[in-house]
Amino acid sequence: MNFYKKVYFITKKIPRGKVATYGQIASLIYSPRAARAVGFALRALPSNTSCPWQRVINSRGQLSIVNPKFTAKLQASLLRKEGIKVKKEEDTYIVDLKKYLFDFKNVKPPK
DNA sequence: AAGGTGACTAACA
DNA sequence: ATGTTAGCCACCT
């Protein structure tokens with residue numbers, strides 16, 4: 001399984017109403033320092049993907065997405081639709097990680 | 001083959 | 001608390 005597929009595999013495990021960070025996902029696929037690459041992988045998703053890309057945010061709880069296909073605004077609306085409170089800040093959106101961060105402890109990593 | 005670029009982070013100042 | 005820095009890794013020239 002290549003890197004991208006692993007990222008998507010893990011991302012699909014995030015339940016509705018929860019979020020995960022790039023770093024968390026990187027750790028689960030045995031590359032604890034590949035957070036940037038995770039973002040790179042998600043960026044490559046097609047606009048009609050079934051992968052819940054909106055549930056992946058950065059370690060500070062911000063929607064750091066910068067992608068013409070998937071804007072932070074769209075991401076915020078999708079998350080709210082799932083029941084997550086997204087706070088609008090100056091030029092970014094913020095999610096309370098303490099409340100919504102998903103715990104992967106029972107998730108098996110991909111092969 | 002080698003250098004540049006991010007949807008990142010943890011560690012410092 | 002806030003801003004900067006230097007690693008990092010997969011991709012793309």
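This structure is a prediction, so every number in the text was calculated from the model and none was measured. So that the names make sense, note that chain A is the first sequence line, chain B the second, and so on, each numbered from 1.
Side-chain atoms of A:E89 and A:Q62 form no donor-acceptor pair, as typed in the model, at a separation below 3.5 Å.
For the side chain to side chain contact (heavy atoms under 4.5 Å, CB included) test with A:V86, the passing option among A:V95, A:D96, A:L78, A:I57 is A:V95; the others fail.
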Can you list the steps and then say if A:I65 with A:W53 is a side-chain contact (heavy atoms from CB on, under 4.5 Å)?
CA-CA 10 Å; A:I65 181 172; A:W53 55 270; 3.7 Å; yes
Pair A:T92, A:I94 - check side-chain contact (heavy atoms from CB on, under 4.5 Å), show working.
CA-CA 7 Å; A:T92 133; A:I94 304 224; 4.2 Å; yes
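Across the protein-nucleic acid pair, A:N2 atom CG and C:dA10 atom C1' stand 11 Å apart, rounded to whole Å. In this structure, the CG atom of A:L28 is 17 Å from the C1' atom of C:dC9, given to the nearest Å. Nucleotide C:dA10 holds its C1' atom 15 Å from the CD1 atom of A:I25, rounded to whole Å. Atoms CD (A:Q62) and P (C:dG3) sit 11 Å apart, rounded to a whole Å. Rounded to whole Å, atom P of C:dA10 lies 16 Å from atom CE of A:M1.
Here A:D91 pairs with nothing under the salt bridge (Lys or Arg N to Asp or Glu O under 4.0 Å) rule; sequence neighbours left out. By the side-chain contact (heavy atoms from CB on, under 4.5 Å) test, A:T71 is found to be paired with A:K73, A:L74, residues two or more places apart in sequence or in another chain being considered.
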Let me have the donor-acceptor pairs involving side chains of residues 9-17 of chain A, under 3.5 Å, with sequence neighbours excluded, atom names and distances please.
{"residue": "A:T11", "atom": "OG1", "partner": "A:V7", "partner atom": "O", "Å": "2.7"}
{"residue": "A:R16", "atom": "NH2", "partner": "A:K81", "partner atom": "O", "Å": "3.3"}

Sequence neighbours left out, cut at 3.5 Å: what donor-acceptor pairs do the side chains of residues 18-44 of chain A make with other protein atoms?
{"residue": "A:K18", "atom": "NZ", "partner": "A:K99", "partner atom": "O", "Å": "3.4"}
{"residue": "A:T21", "atom": "OG1", "partner": "A:Q24", "partner atom": "N", "Å": "3.1"}
{"residue": "A:Q24", "atom": "OE1", "partner": "A:T21", "partner atom": "N", "Å": "2.9"}
{"residue": "A:Q24", "atom": "NE2", "partner": "A:F102", "partner atom": "O", "Å": "2.9"}
{"residue": "A:S27", "atom": "OG", "partner": "A:G23", "partner atom": "O", "Å": "3.1"}

Produce a footprint string for nucleotides 2-9 of chain B: one letter per nucleotide, 5' end first; B if the base is under 4.0 Å from any protein heavy atom, S if only the sugar-phosphate is, - if neither.
----BBBS
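Residues from residues 91-101 of chain A with heavy atoms under 4.0 angstrom of DNA chain B: there are none.
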